[in-house]
2 protein chains.
Amino acid sequence: MANISEIARLAGVSVTTVSRVLNNYKYVSETKRSKVQKVIEELNYTPNKNAIDLIRGETKMIGVIIPYNNNQAFDQMLHGILNQSTVYNYSVTVLPTKYDNKKEMEYLTMLKNKFLDSLIITSRSNDWEKIVPYTKYGSIISCEYTTAEEVGCAYIDRYASYVDTFQMLKKKGYTNIAITTARANESLSTRQTIQAYHKVIGKLPPHLHISGCYRLEDGYRAAHEFLQLNDRPHAIYANGDEVAGGIYNYAQSVGVKIPDELAIVGQENQPIGIALDLSTVNHRLMKVGEQAFQLAIQKSQAKVNVPYEIIQRSSI
Amino acid sequence: MANISEIARLAGVSVTTVSRVLNNYKYVSETKRSKVQKVIEELNYTPNKNAIDLIRGETKMIGVIIPYNNNQAFDQMLHGILNQSTVYNYSVTVLPTKYDNKKEMEYLTMLKNKFLDSLIITSRSNDWEKIVPYTKYGSIISCEYTTAEEVGCAYIDRYASYVDTFQMLKKKGYTNIAITTARANESLSTRQTIQAYHKVIGKLPPHLHISGCYRLEDGYRAAHEFLQLNDRPHAIYANGDEVAGGIYNYAQSVGVKIPDELAIVGQENQPIGIALDLSTVNHRLMKVGEQAFQLAIQKSQAKVNVPYEIIQRSSI
DNA sequence: CTGAAAGCGCTAACAG
DNA sequence: CTGTTAGCGCTTTCAG
């Protein structure tokens with residue numbers, strides 16, 4: 001394909017001049033400018049992005065690390081990022097890790113090899129000490145709070161949100177409260193959920209916690225297990241609305257009345273929760289994504305707190 | 001940051017040798033190889049991807065055009081693509097158009113400027129004549145059927161699926177059938193839905209078609225309108241399970257019995273439909289995405305049909 | 001206002 | 001097995 005020197009030759013000018021009209025420089029005579037433009041049109045020429053990125057040392061490309069690429073929560077953050085990216089003319093590449101440490105490090109390398117200008121981490125598996133050194137190569141933004149000062153964050157105060165939720169449940173008179181989580185103790189959110197439980201309710205009996213919950217079927221499974229306990233829970237705080245929906249469905253199928261016999265609270269205010277009229281905690285993940293994007297392009301190290309909201313519906 | 005010639009200098013070899021160890025060439029003496037590797041470690045060196053892409057003329061980057069970045073259907077295809085991309089070591093960049101013709105053309109240019117190796121189009125707004133010329137610069141794969149032979153397709157036979165659905169509805173005895181769609185006549189699926197309706201049911205009265213339906217609230221709105229008609233529909237074929245869920249919810253809220261007074265069929269077999277036990281047509285969009293990815297990396301122009309499946313639940 | 005020339009960081013003939 | 005050299009396609013001094 002045609003390149004800049006061919007354009008220059010055909011237009012009878014230097015490559016510099018061509019580069020100048022390409023980049024809308026002022027000091028180019030109208031004669032030459034139009035001549036160059038004409039040749040560009042004729043040859044249907046488009047400058048090579050790789051060459052430009054190489055020389056500029058900048059790509060306008062931002063990477064988004066997500067553990068799972070089919071999870072409502074991470075999708076929401078991704079959508080927030082995508083919304084902003086189009087208005088600021090950035091490209092976004094999606095980097096799924098499945099919480100594989102090595103994969104995650106490969107993605108961090110993309111910052112170092114100049115492929116990415118910045119990286120947004122929605123959830124990570126490597127320790128921060130492993131990640132922080134890469135801030136030298138580009139800005140890194142986290143969607144979970146971290147004390148690492150080189151890393152900007154757009155975060156929700158999950159601990160506070162969990163405390164609030166348990167307090168609400170307690171105030172409503174629910175005593176035997178169960179929880180579901182995605183990953184087990186390797187996950188910060190899970191640890192925070194349990195901490196909040198300790199603080200508000202007391203010790204969490206192991207049989208009232210089921211992890212490995214991601215989607216509807218997991219909710220079914222969890223409800224099935226919870227409901228066959230001798231002292232079955234009066235309320236379940238699920239780690240997402242889809243899981244909560246599964247719990248609801250299972251409970252219905254075995255004739256357990258919601259909320260009289262079982263209260264349910266989900267998270268993230270998803271359509272399924274709206275449809276089933278489930279109470280939920282909206283962590284405004286899309287807003288988190290939008291904020292993260294802003295921090296990324298500003299190469300900011302600020303810690304921005306995104307407020308959450310408890311939405312009460314009839315499942316409680 | 002360090003570059004290849006610095007490594008060469010420090011290791012006391014030529015850049016070629018460094019390049020060779022970087023790319024695992026055979027003919028490098030163990031002595032030099034380890035020496036080079038040592039320097040690379042010491043300097044914490046990573047080769048610049050832009051330089052490599054520039055010289056290779058290939059980026060292992062594939063773009064995915066989606067109209068909306070928060071739509072269940074397009075998300076599913078994206079997830080299929082993402083699933084494959086990690087196993088084949090490709091990167092994926094998401095390109096949201098909002099059906100803006102100009103934006104879409106900008107994305108096509110990314111093929112031409114060597115940023116993208118190939119492009120998957122989940123839904124387009126420009127005419128194929130505008131798009132096809134870009135196949136010269138990289139492979140273009142469509143997730144909707146097209147006769148353009150330069151373009152590979154991973155598609156579902158939507159027309160057949162719509163015909164099947166209407167026939168099922170007819171056989172069940174439903175007579176007054178309404179539909180919802182996303183875009184109006186500018187969309188191929190909408191036109192195909194209407195065609196299928198014509199074929200199976202007959203002329204589609206305008207008041208039995210509501211477009212602009214994307215999510216739960218739109219389903220509410222549509223149901224509200226449909227149910228206040230004098231001859232209100234006995235069945236609604238919605239263009240997605242979320243919309244179907246909204247219809248269901250609204251019907252429930254006004255005491256309309258499902259399916260006795262109103263039958264509902266959705267599309268895409270989403271969690272919300274499972275939870276509400278809504279019948280649906282599963283177009284296996286994730287599989288479509290996976291297929292599209294395969295065609296993309298094989299630069300294939302094949303037309304691959306992905307079979308759909310009608311799932312009957314209690315809403316019909 | 002214009003152009004020559006020196007790179008950006010890497011790969012790949014080609015000639016040993 | 002190794003190094004020299006010529007690019008990939010563009011931007012940007014620098015000197016007119």
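Just so it is clear, the values below take in all heavy atoms, side chains as well, and ignore hydrogens, waters and symmetry mates. Just so it is clear: chains get the letters A, B, ... in the order the sequence lines come, proteins before strands, and each one is counted from 1.
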Please table the atom pairs, donor to acceptor, closer than 3.5 Å between any side-chain atom in residues 1-10 of chain A and protein atoms at least two apart or in another chain.
| from | atom 1 | to | atom 2 | distance (Å) |
| --- | --- | --- | --- | --- |
| N3(A) | OD1 | S5(A) | N | 3.2 |
| N3(A) | OD1 | S5(A) | OG | 3.1 |
| N3(A) | OD1 | E6(A) | N | 3.0 |

Quiz: residues 131-142 of chain A side-chain donor-acceptor pairs under 3.5 angstrom, not counting sequence neighbours:
| from | atom 1 | to | atom 2 | distance (Å) |
| --- | --- | --- | --- | --- |
| T135(A) | OG1 | V132(A) | O | 2.6 |
| Y137(A) | OH | N44(B) | ND2 | 3.3 |
| S139(A) | OG | A296(A) | O | 3.2 |
| S142(A) | OG | E144(A) | N | 2.9 |
| S142(A) | OG | E144(A) | O | 2.6 |

Restricting to side chain to side chain donor-acceptor pair (under 3.5 Å), what partner residues turn up for R158(B), sequence neighbours left out?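 With neighbours one apart ignored, the set is Y162(B).
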With sequence neighbours left out, what residues match T146(B) under side chain to side chain donor-acceptor pair (under 3.5 Å)?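 Side chain to side chain donor-acceptor pair (under 3.5 Å) check on T146(B) returns nothing, list empty.
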Can you measure [X] atom [atom1] to [N] atom [atom2] for me and round it to whole angstrom units?
X: L22(A); N: dT12(D); atom1: CG; atom2: P; result: 12 Å
X: E6(A); N: dC8(D); atom1: CD; atom2: P; result: 12 Å
X: I4(B); N: dT4(D); atom1: CD1; atom2: P; result: 14 Å

Report yes or no: do S125(B) and N101(B) form a side-chain donor-acceptor pair below 3.5 Å?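 A donor-acceptor contact under 3.5 Å links the two side chains.
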Under a 3.5 Å threshold, yes or no: a donor from one side chain and an acceptor from the other, between S19(A) and T16(A)?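 No - no donor-acceptor pair under 3.5 Å links their side chains.
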All pairs passing ring-ring contact (aromatic ring centres under 6.0 Å, His included) where residues 9-67 of chain A contributes a residue, at least two apart: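 Of all non-adjacent pairs touching residues 9-67 of chain A, none passes ring-ring contact (aromatic ring centres under 6.0 Å, His included).
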ring-ring contact (aromatic ring centres under 6.0 Å, His included) contacts touching residues 93-126 of chain B (sequence neighbours left out):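 Checked against ring-ring contact (aromatic ring centres under 6.0 Å, His included) - neighbours excluded - the pairs reaching residues 93-126 of chain B are Y68(B)-Y99(B).
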Using a 4.0 Å heavy-atom cut-off across all strands, classify [X] as base, sugar-phosphate, or nothing.
X: I55(B); answer: base
X: L54(B); answer: base
X: V18(B); answer: nothing
X: S19(A); answer: base

By side-chain contact (heavy atoms from CB on, under 4.5 Å), which residues pair with E186(A), not counting sequence neighbours?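 Expected list: R183(A), A184(A).
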Enumerate all atom pairs, one protein N or O and one N or O from nucleotides 13-16 of chain D, separated by less than 3.5 Å.
none

Please examine the side chains of T122(B) and V288(B), heavy atoms only from C-beta on, and report whether any two atoms are closer than 4.5 Å.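 Side-chain contact under 4.5 Å: no.
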May I ask you to decide if the ring planes of F293(B) and Y88(B) are parallel, tilted or perpendicular, using 30° and 60° as cut-offs?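 It falls in the tilted class, 30° to 60°.
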Using a strict heavy-atom distance below 4.0 Å, which residues from residues 31-51 of chain B are in contact with DNA chain C?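 Residues of residues 31-51 of chain B that come under 4.0 Å of DNA chain C are, in numerical order, Y45(B), P47(B), N48(B), A51(B).
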Looking at E42(A) and K38(A), is there a salt bridge between them, counting it only when a charged N and a carboxylate O are closer than 4.0 Å?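 Salt bridge: yes.
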Identify every side-chain donor-acceptor pair in residues 77-86 of chain B under 3.5 Å, counting partners at least two apart or on other chains, and give the distances.
| from | atom 1 | to | atom 2 | distance (Å) |
| --- | --- | --- | --- | --- |
| H79(B) | ND1 | N69(A) | O | 3.2 |
| H79(B) | ND1 | D75(B) | O | 3.1 |
| H79(B) | NE2 | N69(A) | O | 2.4 |
| H79(B) | NE2 | D75(A) | OD1 | 3.3 |
| H79(B) | NE2 | D75(A) | OD2 | 3.2 |
| N83(B) | ND2 | N69(A) | OD1 | 3.3 |
| N83(B) | ND2 | H79(B) | O | 3.4 |
| Q84(B) | OE1 | Q294(B) | NE2 | 2.6 |
| S85(B) | OG | L82(B) | O | 2.8 |
| T86(B) | OG1 | N83(B) | O | 3.0 |

Starting from the first five and the last five pairs of the helix from dC1(C)-dG16(D) to dG16(C)-dC1(D), work out the angle between the resulting helix axes, to 10 degrees.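 Here the local axes at opposite ends form an angle of 40°.
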Extract, from 5' to 3' on DNA chain C, the first and final nucleotides lying under 4.0 angstrom from some heavy atom of chain A.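 Contact boundaries, 5' end first: dC1(C) to dG9(C).
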